[in-house]
Amino acid sequence: MTTIFGVALPVLTGQFLIGLINGSFYALLSLGLAVIFGLLRIVNFAHGAFYMLGAFAAWMLLNYAGIGYWGALFLAPLVVAVVGMVIERTMLRALYGLDHLYGLLFTFGLALLLEGGFRHYFGTSGQPYAAPEALRGATNIGFMVLPNYRGWVVLASLVVCLGTWAIIEKTKIGAYLRAATENSTLVQAFGVNVPVLLTLTYGFGCALAGVAGVLAAPLFQVSPLMGSNLIIIVFAVVVIGGMGSILGAIVTGYMLGIVEGLCKVFYPEAANIVVFVIMAIVLLLRPAGLFGKDS
Amino acid sequence: MTATDTLTAPAKAARGGGAAPQLKVRKLEAWYGESHALHGVDLDVYPGETVTLLGRNGVGKTTTLRAIMGIIRKRKGEVEFEQKSIMRVPLHRIAHAGLGFVPEERGIFASLTVEENLTLPPVVARGGMSIEKIYEIFPNLLERRTSPGTKLSGGEQQMLAIARILRTGVRLILLDEPTEGLAPVIVERIGEVLKVLKAHGVSVLLVEQNFRFASRIADHFYVMDHGQVIDSFSVSELPSRTEALNTALGV
Amino acid sequence: MSATHADTIVMPTRKSPVPAITFAGLILILAILPAFVYPIFVMKLLCFVLFAAAFNLLLGYTGLLSFGHAAFFGGAAYVTAHALKVWQVTPELAIIAGVVTSIVLGLIIGVVAIRRQGIYFAMITLAMAQMFYFFCLQAPFTNGEDGIQGFSRGNLFGIIDLNETMNLYYFIAAVSVLSLALIWRIVNSPFGQILRAIRENEPRTISLGYSAQRFKLAAFVMSAGLTGLAGALKALLFQFATLADVAWQMSGEVILMTLIGGIGTMAGPVVGAGILVGMQNFLATSGLPVTMVLGGTFMICVLLFRRGVVGEFLHLLERRKG
C-alpha cells in the first residue's frame, strides 16, 4: 500500500477530503462575514446562528411542509435572508455610526437568543436530515472512494463562493457594493439608495450562512448549537485572512480546512487548536492578516 | 435622442433679470458634532451660472457645499433647488433632484476600474453626456478604462471625477477645489472642461482657492468668512474689487 | 440619532466624590449582609463583582473589549482546584497559583491580541480563549467533562478552617474589598490616566512618548490577574472547576454584567454583577430559557441602554445639575 510520511494514502486522502469539506464551510461563512463587514462594518457574531437557522429551516421545510432538499437549498437561505433583513431594518440600523464593538455585542446577543430559543424548543440532541436520493452512495475516483454527497458539498460551495466573487467584482451592483465599502456617503450623494444596499447586503451575507446550513444538514445533525463553536473558528479564519479581501476570505477558508484535516492525520491532539495557533503566528508576523491591507 | 440634441443655449446670467434662482440658500447653519461651522449662509445660483465661493482656509466653503448637498445632516435654514425645498430630502434622493457633487478629495474609488468609476453615479435626468462623448473629450480615460481608478494621475482623477457627473444629467454641480495641487497645464484643461459645462447649460457652484483661475470662468462671486457670506459681486465688478479682495483673502 | 447618546463604547470616568465613605459603607454592608441573605449567595456575587470589575478595568478604562476573559477566570479556577485537590497546599497558596496562571495566560494572549485593535482585538481574544478551552477539554488534569471536584477547602495559612461558612465568607469579603480598592487605586493613579489617554486618543499618547502597546499589555495582564483571583475564589467557594468556567459563554456573561451596570464606572460592575447573578438565580427556577433571556437582555442593552444602570443614573444626575 502506498504511504506518504508513513501514513497510508487512503487515510491521508480521507482526511484531506474531510478538511476540504470543513474548509467549504469556513469559506462560505467567512465570505459572508467579509461581505457584511466590508459594507456595514459589523462583525456578525450571529453568523453561526444563521447557519444553524439555515439547517433548521431545511429540516422544518421537510417535516412541516414536505419540501425536500432541492427546494430547501433555495428556500432556506431565502428564509434566513428575510430574517436577517428584518433584523437589520428594525434594530441593527440603529447601531451604524456607533463604535463597531456595539455591532459585535448586539449580534452576540442575537446569537444567544436564536441558539437559546432553538435549544429550548428542540433540545440539544440533533435531528437527522437525509441526503437527497440523487446524491447517496459513493463513487470510486481511482485513488479513493468519494461519497457523492461530500463531493457535492465541495462543488456547491465552490460554485457559490466563485459566484459571489463574480457578482461583487463583475456586476453593477457589485460595483455599488465596492464603492460603498470605500465611501458610502459619496455613493449615496451620487443617488444610490445606500440604506437599501445595506439591508440587501446583510440579507445576502446571512443567506450565504443559510446555504452553508442546508449543505451541512445531511452531513452533521441539525442541532441548535451546530454553529456556536464554528463561528469562533471562522472568526480566527477571518483574522488570518484579513477582512479586507473577498478572495482572501475564500482562499483562507479552504486552506485552513485542509490544514486542519491533515493535522488530524499527523498530530490529532492539536487538530482542534491548529487554526488558532496559525492565527497567533500570523498575527505575530503579519498583524494585518495574509490578505489584509489595513493594519 | 442624443445628448447634444437637448442642450440649451448657455443661459445669460439672469441675475437681476427677474428669473428665479436655480439654487437658493438662506440662513444655512451647520454643525460638525458640537462645533458650529456655518452661521447663516445666504447665496443664489441662477440657471447657467458659474458661481465661485472665495475665502481663506477653514471659513466654511467646503462645509457649505456639504451642507447644501445634505452630507452634513446637522443643519438648519433653507435650501431650495428649482423652487423646491431639499432640506428634508434623503441624501440618496438629492442627486435625483438634479444636483451633482464632486468632493474635494475627488472620491475616486480604488476598487473600481476607471470605467466603473465613470458609470457608477446613476443617470438622474436626460441630457447627460454619453460615454462616447465623454471619452471623446477625455481620451486618456478611454485609454485607461480598465485600470483601477486610483492608478490615474491627480489631474486625470479630477477629470474622471467631473466626467462621471457629466454623465448623470444633473443641472447643477457642486465642485470643490478642482485645481488643488495640480500643475498649471492641467488647471488649464480643467478650465476648458468647465467651459464645456457652461456651454451645456450646467450651473456650477465652485469652491476655489486659485483666484486667478476662478476669475476667468465665474460669473458671480461670494466671499466667505467665519461661516458666513460677507461679500458678493459679479464678474464685471471684479477689477474694482481686486485690491480689497487681496486683503480679505490674505493673498 | 440623538447626539446625547454615547457614541463610543467607553464613557468618561467620573471620580467618586467620597471614595473612602463608599468603601467604608461597602465594608459595613458586607459585615451585616449575612444576617439577611445566604452567605453563599453573597460570596458568589462577590466573585462575579470582582470578575466584572477586573474586566471593566480593561474595557472601561483602556477601551479594549476582551471576549476571552473566561480563559483567565476558568484557568485560575482549574489550577486552584488542582492545587487544593492534588498538591494539597493551603488555600492561599492555591489561590496564588491560580492567579499566577492567569497572569501567565494574560501575558501570552495579551502579546498576540494587542497587535490589533477594536473588533479584531475582540475576535482574537475570543479565538485565543477558545484555544485554551480546547486545551482544557483535552488535558488530563481537568478531568474533561467532569471537571475537578470533591476537595476540601483546607485551612487558611494552615490555621483558619475555610470549610466553616462564615470563615470563608469573611475571607472572600476581605479579598474582594481589597481587590476593588486596588482597582480603584489603579484607575486613579498616573498609570490609569495614561490608560484613559490611550483610550481617548492612542496616536496622541504615542506622540507624547508613551509606549501604548506596553501600557495596554500591562492593563491586560492586570485585568487577567484580577480575573484569575475571582476565578480562584469561585473554585474555592463551590469546590469545583469545570469547562463552563473557561467556555466563551462565561466571557459573554462578564461583558453583559459590565454593560448592564455601566461601562467605565466604578459602581457599574458591582450593580451589573448583582443584576445578572440575581437574574440567573431567578431564571434557574422559572423554567424560562436562560440563554435566550440573556441574549435578549444583551440586545436591549446595546440598543437602548448603552450607558448601563449606573451610567444612566450618573447621566441623569449631571443633567439635573445643568
Side-chain angles (χ1 to χ4, degrees), chain A residues 31 34-41 88-89 93-94 96-99 164-201 242-250 288 291-295, chain B residues 33 65-74 86 89-125 128 146 148-150 160-170 172-176:
Chain A
L31 176 62
V35 170
I36 291 172
F37 180 77
L39 190 57
L40 285 74
R41 299 280 136 181
E88 195 277 341
R89 274 263 134 146
R93 172 147 298 193
Y96 301 153
L98 297 178
D99 194 307
T164 304
W165 176 80
I167 288 172
I168 293 172
E169 291 298 327
K170 302 292 171 205
T171 67
K172 184 81 194 174
I173 187 112
Y176 284 147
L177 190 106
R178 275 175 287 142
T181 298
E182 283 185 48
N183 184 347
S184 68
T185 311
L186 186 60
V187 172
Q188 203 171 351
F190 283 163
V192 178
N193 194 336
V194 172
V196 166
L197 189 66
L198 293 172
T199 307
L200 290 177
T201 303
M243 288 251 242
S245 149
I246 296 295
L247 215 52
I250 300 173
F291 299 88
K293 282 163 258 174
D294 60 331
S295 65
Chain B
L65 296 194
R66 292 168 63 90
I68 291 172
M69 200 62 201
I71 289 171
I72 300 175
R73 300 312 290 185
K74 211 176 167 188
I86 52 169
V89 178
L91 180 55
H92 58 267
R93 298 298 311 168
I94 299 271
H96 294 269
L99 213 58
F101 178 60
V102 180
E104 188 176 6
E105 69 284 357
R106 292 163 195 147
I108 301 302
F109 297 101
S111 57
L112 272 63
T113 64
V114 168
E115 187 153 279
E116 280 175 327
N117 265 290
L118 193 57
T119 54
L120 184 82
V123 172
V124 296
T146 53
T150 44
L160 177 55
I162 298 174
R164 69 177 168 193
I165 298 299
L166 292 179
R167 219 190 109 253
T168 62
V170 294
L172 191 149
I173 297 180
L174 308 178
L175 188 55
D176 199 352

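Order of the sequence lines fixes the chain letters, A, B, ..., with proteins taken first and strands second; residue numbering starts at 1 for each chain.
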Taking all non-hydrogen atoms of both residues into account, name the closest pair between [X] and [Y] and its distance.
X: A:Ala175; Y: B:Leu112; answer: O-CD1, 3.8 Å
X: A:Ala179; Y: B:Leu120; answer: CB-CD2, 3.7 Å
X: A:Tyr176; Y: B:Pro122; answer: OH-CG, 3.8 Å
X: B:Glu105; Y: A:Asn183; answer: OE2-ND2, 4.3 Å

Would you mind checking which part of [X] comes under 4.5 Å of any heavy atom in chain A, side chain (CB onward), backbone (N, CA, C, O), both or neither?
X: B:Leu91; value: both
X: B:Thr119; value: both
X: B:Leu174; value: neither
X: B:Ala97; value: neither

Look at B:Gly149, B:Gly70, B:Ala110 and state which one has the largest set of heavy-atom pairs under 4.5 Å with chain A.
-> B:Ala110

Is any side-chain heavy atom of A:Thr181 closer than 4.5 Å to a side-chain heavy atom of B:Ser111?
->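 A side-chain contact under 4.5 Å is absent here.
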
Any side-chain heavy atom of A:Leu186 within less than 4.5 Å of one from B:Phe109?
->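 When only atoms from C-beta onward are counted, B:Phe109 and A:Leu186 do touch, with a gap below 4.5 Å.
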
List in chain and number order the residues that pass salt bridge (Lys or Arg N to Asp or Glu O under 4.0 Å) with A:Glu182, two or more places apart in sequence or in another chain; answer none if no residue qualifies.
-> none

Residues which pass salt bridge (Lys or Arg N to Asp or Glu O under 4.0 Å) with A:Arg178, listed by chain and number, not counting sequence neighbours =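 Result, salt bridge (Lys or Arg N to Asp or Glu O under 4.0 Å) vs A:Arg178: B:Glu116.
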
Hey, could you give me the CG/NE2 distance between A:Asn193 and B:His96, rounded to the nearest 0.5 Å?
->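 Reported value, rounded in 0.5 Å steps: 8.0 Å.
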
